[in-house]
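Down below is the structure, laid out as structure tokens.
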Amino acid sequence: MAVPEKPLLYSYFRSSCSWRVRIALALKGIDYDICPINLSKDGGQQLAIIEYLEETRPTPIRLLPEDPKKRASVRMISDLIASGIQPLQNLDVLKKVGQENQLAWAQTVISSGFAALENILQSTAGKFCVGNEISMADLCLAPQVANAERFKVDLSPYPTISRINKTLLTMEAFQVSHPFKQPDTPPEFRAC
């Protein structure tokens, strides 16, 4: 199967899903075009895109470990974040809980998910979520921590999550893919 030379990513600047994919593209050194979309009208789950990138372009960085046990841990952590935490604080859900309940709702679901995640990471983490090599789990973690910060979640009960996130945010791939550095980022959110 032929792999296109330059992929097109439909992306929303603040989307956790889009950010995960932008990080993967940056880590793999894949040049891409971006087509901004508005998530109040569209959206979707993009974890499968990362798996596709891994299958079609496994170098220069593997996002799923060779070791089956580590690979299962990466998928478990990724699924916990992408399926168990993030959807519950997405735009559509927040609209349904009502403006007056949004902050409390988001804080509750993120804190609950982070409590489970912190427990898991205590047995899997090294420098990153699973050992000392970056993986798909780390691509899921950074955007979710940003969401937690956006919703003013107290991160002090989650030292492992905080430590890993701090390490990730020093990496170029995480910096260039950051939501506040995207072409569709509104001026009030733009990073210098």
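Between Q86 and R20, the side chains place a donor N or O and an acceptor N or O closer than 3.5 Å (distance only, hydrogens not considered). Counting only N and O atoms by type, the side chains of Q89 and Q144 include a donor and acceptor under 3.5 Å apart. Checked by atom type, the side-chain pair D184/S11 shows no donor-acceptor distance below 3.5 Å.
The backbone N or O of V93 sits nowhere less than 3.5 Å from a side-chain atom of W105 that would complete a donor-acceptor pair. Listed for the E118 side chain is a donor-acceptor partner under 3.5 Å among the backbone atoms of T160. A donor-acceptor pair under 3.5 Å links the side-chain atoms of D67 to the main chain of K70, judged by distance alone. Remark: the backbone N or O of A26 is not paired with any side-chain donor or acceptor of Y32 at under 3.5 angstrom. N132 contributes a side-chain N or O that, together with a main-chain N or O of K127, makes up a donor-acceptor pair within less than 3.5 Å. Side chain of S177 to main chain of A173: a donor-acceptor pair is present (N/O by atom type, distance under 3.5 Å, no hydrogens or angles). Formation of a donor-acceptor pair under 3.5 Å by the S123 side chain with backbone atoms of I120 is found in this model. Between the D138 side chain and the C129 main chain, a donor and an acceptor come within less than 3.5 Å of each other. A donor-acceptor pair under 3.5 Å is formed between the side chain of T170 and the backbone N or O of T167. A donor-acceptor pair is defined here as one N or O able to donate and one able to accept, closer than 3.5 Å; no such pair exists between the side chain of T59 and the backbone of I61.
For CD of E172, the number of neighbouring non-hydrogen atoms (other residues, nucleotides, ligands) closer than 6.0 Å is 12 at most.
Between K28 and P60, some side-chain heavy-atom pair lies under the 4.5 Å cut-off. S111 is not listed as a side-chain neighbour of T108, based on a closest heavy-atom distance of 4.5 Å or more. Considering only heavy atoms from C-beta on, V21 stays 4.5 Å or farther from L139 through its side chain. The side-chain heavy atoms of L63 and I50, taken from C-beta on, include a pair separated by under 4.5 Å. Residues M171 and I23 have side chains not in contact (no heavy-atom distance under 4.5 Å, counting atoms from C-beta outward). Proximity of L141 to L168: side-chain heavy atoms (C-beta onward) are separated by under 4.5 Å at one or more points.
The shortest non-hydrogen separation linking Q102 to L94 is NE2-O, 2.9 Å. In this structure, D31 and K6 approach most closely via the heavy-atom pair OD2-CE, 3.2 Å. Residues L155 and A148 approach most closely at CD2-CB, 4.0 Å, considering heavy atoms. Contact between A146 and W19 at its shortest, heavy atoms only, is CB-CZ3, 3.5 Å. Closest approach of P87 to I81, counting heavy atoms only: CD-O, 4.2 Å. Between V74 and S135, the shortest heavy-atom distance links the atoms CG2-OG, 3.4 Å.
Residue I161 holds its CD1 atom at 4.0 Å from CG of L117, rounded to the nearest 0.5 Å. Atom OH of Y10 is separated from atom CD1 of I49 by 11.0 Å, given to the nearest 0.5 angstrom. Between atom NZ of residue K96 and atom CG of residue N90 there is a gap of 11.0 Å, rounded to the nearest 0.5 Å. Expressed to the nearest 0.5 Å, how far CG of L53 lies from CE of M136 amounts to 11.0 Å. Rounded to the nearest 0.5 Å, atoms CD1 (I164) and CD1 (I77) are 7.5 Å apart. In this structure, OG1 in T124 is found 10.5 Å from NZ in K69, a value given to the nearest 0.5 Å.
V176 and L8 end up in different hydrophobic clusters when Ile, Leu, Val, Met, Phe, Trp and Tyr side chains are linked at under 4.5 Å.
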Quiz prompt | side chain to side chain contact (heavy atoms under 4.5 Å, CB included) between F114 and V145, worked out | solution = CA-CA 9 Å; F114 273 14; V145 172; 4.0 Å; yes
Self-check item: Residues D33, L9; criterion side chain to side chain contact (heavy atoms under 4.5 Å, CB included); working and verdict
Solution: CA-CA 6 Å; D33 288 322; L9 175 63; over 6 Å; no
Quiz item: Is there a side chain to side chain contact (heavy atoms under 4.5 Å, CB included) between I134 and F174 once you walk through the steps?
Solution: CA-CA 11 Å; I134 196 159; F174 287 79; 3.3 Å; yes
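With E54 as the partner, the salt bridge (Lys or Arg N to Asp or Glu O under 4.0 Å) test is satisfied by one option alone out of R62, R75, R71: R62. Among P179, C140, P143, the single residue meeting the side-chain contact (heavy atoms from CB on, under 4.5 Å) criterion with S16 is P143. When each of Q182, K181, H178 is tested with R22 by the rule side-chain contact (heavy atoms from CB on, under 4.5 Å), just one qualifies, namely Q182.
Classification of the F180-F189 ring pair by plane angle, with boundaries at 30° and 60°, yields parallel.
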